[in-house]
Amino acid sequence: MAKIGIFVGTIYGNALAVAEEAQQILGQQGHEVEIYEDATLEQWQMYQQQIVLVVTSTTGQGDLPDNIQPLYTEISDNLGYQPGLRYGLIALGDSSYDTFCGGGRAFDKLLQEQGAKRIGDVLLIDAIDVVEPEVFAQNWIEEWGSLL
Ligand SMILES: Cc1cc2nc3c(=O)[nH]c(=O)nc-3n(C[C@H](O)[C@H](O)[C@H](O)COP(=O)(O)O)c2cc1C
């Protein structure tokens with residue numbers, strides 16, 4: 001079973017609710033799961049040869065929330081290449097914005113550029129259609145966990 005770090009970017013708590021749902025489902029599957037808000041680069045690097053799940057909303061105009069933006073910048077500035085990392089990505093947003101899920105998409109692009117291997121497709125959750133994102137995400141999380 002896998003060791004998984006869930007890295008959360010949230011303003012109002014929706015992404016955190018999805019992360020907590022993921023922790024429960026993945027834990028039931030037998031994985032060892034920890035959630036990080038306001039994560040440091042050291043915490044990210046503990047998973048360099050393991051698995052991370054990034055769960056982030058978008059704010060501003062396609063921006064990452066303040067609690068995950070510093071981590072993104074540190075990864076971008078300091079890491080360069082992460083070929084041993086496997087990851088999944090859940091992006092929350094609102095399709096009335098041109099920059100739909102821009103924060104999550106930017107994080108995915110960075111990890112792709114750094115050679116990390118994504119497991120599964122990115123899950124996009126649109127606040128216009130979805131009232132309970134943590135319920136909406138359940139099937140995706142179960143499938144993702146079974147791919148690890
Ligand atoms: C001020 C503000 C700016 C936002 N900007 C965007 C955006 O640029 N793109 C997008 O897809 N969603 C945007 N959203 C929508 C949020 O990402 C969405 O409501 C999400 O579910 C919030 O999750 P959270 O509670 O984890 O922060 C914005 C929301 C607010 C309140």
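First listed ligand is number 1; within each ligand, the first listed atom is number 1.
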Test side-chain contact (heavy atoms from CB on, under 4.5 Å) on Val122 and Arg105; report intermediate values, then the result.
CA-CA 8 Å; Val122 174; Arg105 290 182 206 269; over 6 Å; no
Tell me the protein heavy atom at minimum distance from [atom], and give that distance in Å.
{"atom": "atom 29 (C) of ligand 1", "answer": "Tyr97 OH, 3.6 Å"}
{"atom": "atom 26 (O) of ligand 1", "answer": "Thr10 OG1, 2.6 Å"}
{"atom": "atom 23 (O) of ligand 1", "answer": "Ser57 CB, 3.2 Å"}
{"atom": "atom 17 (O) of ligand 1", "answer": "Thr58 O, 2.6 Å"}
{"atom": "atom 19 (O) of ligand 1", "answer": "Ala127 CB, 4.0 Å"}
{"atom": "atom 15 (C) of ligand 1", "answer": "Asp94 CB, 3.6 Å"}
{"atom": "atom 9 (N) of ligand 1", "answer": "Thr99 O, 2.9 Å"}
{"atom": "atom 5 (N) of ligand 1", "answer": "Gly60 O, 2.9 Å"}

Could you tell me whether Ile11 and ligand 1 have an N or O pair separated by under 3.5 Å?
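Ile11 vs ligand 1: N/O contact under 3.5 Å present.
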Test of proximity, Gly13 against ligand 1: N or O pairs below 3.5 Å
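N/O-N/O distance under 3.5 Å: yes.
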What atoms in ligand 1 come closer than 4.0 Å to a heavy atom of Gln61?
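Result: 8 (O).
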Quick one: does [X]'s side chain get under 4.5 Å of [Y]'s, heavy atoms only?
{"X": "Ile68", "Y": "Phe107", "value": "yes"}
{"X": "Glu20", "Y": "Glu134", "value": "no"}
{"X": "Ile11", "Y": "Pro65", "value": "yes"}

Starting from the C-alpha separation in whole Å, work towards a yes-or-no answer on side-chain contact (heavy atoms from CB on, under 4.5 Å) for Glu21 and Gln138.
CA-CA 7 Å; Glu21 187 73 25; Gln138 282 169 348; 2.9 Å; yes
Under the salt bridge (charged side-chain N to carboxylate O under 4.0 Å, His left out) test, residues paired with Glu113 that sit two or more places apart:
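Listed in chain order: Lys109.
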Does ligand 1 have an atom under 4.0 Å from some heavy atom of Gly62?
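Right, Gly62 reaches ligand 1.
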Are the side chain of Glu143 and the backbone N or O of Gly120 linked by a donor-acceptor pair below 3.5 Å?
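Side chain of Glu143 to backbone of Gly120, a donor-acceptor pair under 3.5 Å: no, none is there.
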Option among Trp44, Tyr87, Tyr72 that satisfies the ring-ring contact (aromatic ring centres under 6.0 Å, His included) test with Phe7:
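Among Trp44, Tyr87, Tyr72, the one meeting ring-ring contact (aromatic ring centres under 6.0 Å, His included) with Phe7 is Trp44.
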Please work out, at 4.0 Å between heavy atoms, whether the side chain, the backbone, both, or neither of Cys101 comes within that distance of ligand 1.
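Only the backbone of Cys101 comes within reach of ligand 1.
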Check whether the side chains of Glu142 and Ser146 place a donor and an acceptor atom closer than 3.5 Å, and report yes or no.
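No pair is found: no donor N or O on one side chain lies under 3.5 Å from an acceptor on the other.
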